[in-house]
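Read through the structure below, which is laid out as structure tokens, and then see the notes.
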Amino acid sequence: MAALWHSTFFLVMVLLAISRPSLASQGTVNGTENLITTLPIVTWNWQEIKFPYLVALWILVSWLCKLVFQLNPSLTSVIPESGLLICIGWVLGGIIYWADKVQTFKLQPFIFFFYLLPQIVLDAGYSMPNKLFFSNFGSILVYAVIGTCWNAATLGLALWGCCLGGAIGDIDIGLLQLLLFGSLIAAVDPVAVIAVFEEVHVNEVLYILVFGESLLNDGVTVVLFNVFNAFVSLGGAQINAVEIIKGIISFFVVALGGSLVGVIFALLISLLTRCTKNIQIIEPGFIFILGYLSYLTAEMLSLSAILSCTFCGVCCQKYINANMDKRSVSTLRYVMKVFANGSETIIFVFLGITAIDPSIWVWNTAFILLTLLFIFVFRFIGVFFLTWILNQYRLVPLEFIDQLMMGYGGLRGAVAYGLVVLLDENKYKEKNLMISTTLLVVYFTVMLQGITMKPLVTWLKVKRAAVTERTLAEIIQNRTFDHILVAIEDISGQIGHNYMRDKWNNFEERWLYWLLMTPSARKSCDHIFNIFHKLNLKDAMSYVKEGERRGSLAFVRNETKADVDFNKKFSGNFSAMMPYIMAENMGSDHVPVSSILWDSVHSVCLDMHEKDLKMRESEDFNAHHLLEQHLYRGKKQHRHRYSREYLEVNKDKNEVQEIFQRTMRSRLESFKSAKMGVNPPKKISYHLKKDQPQKMPNGKSTDNRKSHAYGKEDLEFSEGDSASGCEAAGGSFPMRAHRGAGIVNPAFNAEMDPMPAMQQILPWLAEAEVDSSAVVPSQRAQLTLPCTPSNLHRLAPLHLTTHSFLLADSPATQDTSEPPPPPVV
Amino acid sequence: MGSTNSTLSRIPNVEELMQETGFTPAHIVRLYDRFEALDKEKTGHLRPQDFGAINRLAMNPIGDRIIGSFFSTGQETVDFHSFVRILAHFRPADKNRPKDPSMPQPVNSRTSKLKFAFQLYDQDKDGKISRAELLQVLRSMLEMQVTEEQLESIADRTIQEADLDKDDAISFEEFRKSLEKVNIDHKMSIRFLR
């Protein structure tokens with residue numbers, strides 16, 4: 001606490017120092033010549049540097065405030081930072097006022113809207129979780145547009161009603177002015193929401209709804225504000241249907257136009273980052289400038305600037321993250337956070353300071369209380385009503401508790417204040433009343449609601465953001481569910497979310513990636529692979545640490561299975577295909593680990609197990625990222641397959657192709673085995689071949705006749721298969737679902753006895769014209785085989801790793817993902 | 001709507017179907033249209049070929065299993081009722097259903113959905129997912145680059161995590177328990193368009 005007082009005292013001194021000269025400077029001589037009689041060694045240049053100095057000093061002071069209350073952590077856990085900043089603002093404002101007798105420093109709307117707000121919005125857009133945002137986009141729009149309109153209208157009307165009823169006393173305010181007031185107070189404020197919700201970790205859906213709403217409602221706010229402002233200027237008499245229709249049209253123009261401007265700038269940014277490989281040093285700067293320009297451009301065209309900035313950030317994040325160098329991306333992220341956080345601090349401090357100014361205060365208890373009441377009540381009513389409607393259409397309906405939090409989380413903030421100060425005094429006689437009320441509302445929502453938010457969340461047991469790590473079973477099962485859902489949607493012919501997302505992904509992949517991303521970015525656009533890479537680096541770090549602990553890195557771990565085979569790596573035999581390379585002693589090449597990792601390109605996973613226990617952890621650890629890297633994504637999530645040298649753009653086609661081949665093959669197998677009356681292996685037994693340390697992925701074998709995939713020579717399969725497989729797949733499909741390979745068809749209510757699948761020769765299977773084969777090989781063993789003759793040539797370059805599986809030459813043009821045309825459904 | 005009613009009247013036992021599955025008449029009609037579209041030869045039954053004709057299913061790693069799950073054991077065809085019954089699993093669960101342990105679980109309850117997922121794994125229907133069955137599914141869902149050893153270690157690890165009674169297989173209860181944190185209702189529901 002002593003530190004707290006010391007720092008406060010220091011701040012006070014600084015402020016006095018600022019205010020004195022600023023006042024004094026007004027009295028200095030203007031324009032007198034500087035008649036010097038002797039060379040001055042040092043001069044006092046306050047006048048020249050006054051402006052930048054004050055700006056810098058104020059920024060410093062605001063940020064120091066943040067430091068001040070960090071000294072007392074118990075305080076920050078109760079009161080949200082924004083509230084504390086406002087309090088300090090009051091203190092500072094009080095000091096200045098006392099020194100100057102007038103409030104010299106206020107939150108000017110121009111400064112707020114053009115220098116402080118853009119970076120917050122840009123940061124919000126850039127760090128927006130896109131997937132979550134767009135999957136809830138409909139709901140967000142409903143809340144933002146309809147909710148805000150509702151809030152504005154009801155507040156204005158209710159206040160007017162009270163005004164007519166005489167509850168407010170004698171004020172010179174009309175319906176239109178009240179509607180205007182309603183519209184600017186109604187909007188949920190993004191700055192405040194970020195500030196408060198950030199500290200309360202609610203579940204992500206709730207967060208994105210409130211946050212998205214706060215960003216998107218700017219479109220409505222701007223329109224309503226301008227419309228009502230214009231109406232007030234026109235005077236009540238001139239408002240007719242035409243004007244109202246124009247108002248509605250202007251909403252669409254402003255909102256959509258603003259978003260369009262944002263998207264255009266996002267395109268520009270992405271294209272730009274595509275070319276800036278050689279000037280990586282200032283790459284991040286471009287984002288800021290262009291983001292800011294998008295804000296200003298929209299403002300210039302009287303469109304919604306916040307929407308523009310938001311969509312700019314939202315749309316470009318994926319491409320610039322892919323295009324730019326990692327360090328640029330980090331720089332960008334951190335600098336944006338600095339700016340955003342800094343601006344937010346300054347805003348709140350000044351919100352506090354501007355309050356200490358008696359000239360603006362008009363205290364009308366009834367007005368203020370009624371406003372607060374109505375805001376609250378109507379917000380809740382609006383949220384409940386809209387949610388009720390939305391829940392009919394949402395897949396996961398919003399629960400009551402979440403709705404309560406949404407209603408409670410409607411915080412108002414600086415944007416409302418900025419707008420109200422912009423009003424013209426001559427037209428709005430009660431401007432001061434509105435300013436006072438706005439300030440009070442802002443304080444109330446930020447401080448009171450901010451303080452009570454956390455306890456309320458815990459009390460109501462709102463579902464919090466899940467932070468637990470998933471088990472393997474969950475990971476696998478989640479992916480299984482995804483596949484199941486896609487399949488069921490296909491079967492039932494539904495066009496659900498996934499279909500849309502699918503279409504968008506297709507479009508994006510075909511056009512946007514090609515247009516907006518550098519070729520190398522396209523390659524490494526693999527999110528999963530990046531995680532894998534990060535994990536590898538982590539592995540390496542722990543390896544190094546362990547080595548240092550033991551004195552040197554040249555240690556051999558005999559008790560574990562570790563062998564780093566760096567030689568192998570460099571010879572390029574297995575690397576790209578083998579996610580695992582066992583760690584061995586590094587004695588042979590004393591190359592620094594990180595460079596090896598880098599050079600070997602992302603394929604190394606050093607298994608650092610010491611003991612069995614640790615081995616287990618690593619196993620789990622590796623299993624996790626192995627799963628994450630290799631699980632098929634399913635149709636709706638296209639991603640690029642990881643490859644060493646290059647990657648063709650539409651990598652998902654390979655995945656699709658693989659799956660397709662596999663499916664066809666297995667169908668063929670079961671069909672053939674059914675025909676032959678051979679009992680298909682229901683359970684495939686795997687023999688662990690311990691004597692084969694080499695893990696050769698099946699893709700490696702150019703010898704497509706041997707099943708040698710995992711060294712399981714015991715599985716035999718006939719050569720006839722592949723050929724016939726080719727034909728069968730090449731022709732029409734005679735067979736469909738397979739019964740073989742142990743896939744029996746359980747009915748859901750499994751009261752039937754499971755019949756061994758083979759006791760029936762399935763009639764349709766008897767139709768196909770394939771030749772006989774001896775034994776049905778395991779599905780897996782077949783996997784390496786190319787199916788159609790046309791694919792055979794691809795096997796040739798299929799060595800090792802320089803190309804992952806495929807298409808050296810003929811890529812996307814050969815659209816093998818389209819199967820030979822069966823009747824299309 | 002006239003067309004709805006006339007379509008509905010063509011479906012036998014439609015009331016019972018709606019009751020059992022909870023679909024609305026509009027849903028049933030839509031599904032019936034889909035059924036007929038798939039049933040090219042108008043036999044009133046679907047065969048595996050008909051499912052296979054859906055292109056995109058061939059690109060689904062577990063597509064064939066799912067197709068298989070439509071066919072009850074021993075049956076080669078699926079009639080409309082079974083078709084709808086299976087699809088009914090994917091209806092979003094009814095929140096307000098009173099929990100009555102004596103009544104059988106409705107088709108789209110969490111347990112039923114889990115059972116459906118379980119039997120996709122458990123092909124021999126012994127009530128347990130054995131290691132081999134798990135390996136099969138894993139194999140089909142993982143890229144071909146994954147080696148056998150890796151596959152097995154994943155399978156081993158998964159069984160270890162879930163297997164509580166140490167019989168080296170995952171029973172339905174263990175399966176359910178391992179997924180208790182997952183929002184099954186969300187993950188296994190699709191919006192059926194009206």
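Each chain gets a letter, A, B and so on, in the order the sequences are listed, and its residues count up from 1. As the structure is a computational prediction, the values presented were derived from the model and not from experiment. Side-chain atoms are counted along with the backbone in the values below, which use heavy atoms only and exclude waters and symmetry mates.
For B:I170, no part lies under 4.5 angstrom from a heavy atom of chain A. Only the side chain of B:F83 comes within contact range of chain A, with at least one heavy atom under 4.5 Å from a heavy atom of that chain.
Summarising the geometry, atom CD1 belonging to A:I488 is positioned 5.5 Å from atom CG belonging to B:L87; distances are rounded to the nearest 0.5 Å. Here the CD1-NZ distance, from A:I484 to B:K113, works out to 11.0 Å after rounding to the nearest 0.5 Å. The distance from the CD atom of A:Q477 to the CG atom of B:L120 is 8.5 Å, given to the nearest 0.5 Å. Rounding to the nearest 0.5 Å gives a distance of 10.0 Å between CD1 of B:I62 and CZ of A:F481.
Contacts of B:A169 classified as side chain to side chain contact (heavy atoms under 4.5 Å, CB included), with partners at least two apart in sequence or in another chain: B:K128, B:D167.
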For this session: Go through the steps to decide whether A:I476 and B:V137 satisfy the test side-chain contact (heavy atoms from CB on, under 4.5 Å), and finish with yes or no.
Result: CA-CA 10 Å; A:I476 298 176; B:V137 179; 5.6 Å; no
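Summarising the local packing, CD of B:E15 is surrounded by 12 or fewer heavy atoms from other residues, nucleotides or ligands at distances under 6.0 Å.
The two residues B:I66 and A:H483 have their closest heavy-atom pair at CD1-O, 4.3 Å.
Residue pairs meeting the ring-ring contact (aromatic ring centres under 6.0 Å, His included) criterion with at least one member in residues 158-181 of chain B, sequence neighbours excluded: B:F118-B:F172, B:F118-B:F175, B:Y121-B:F175.
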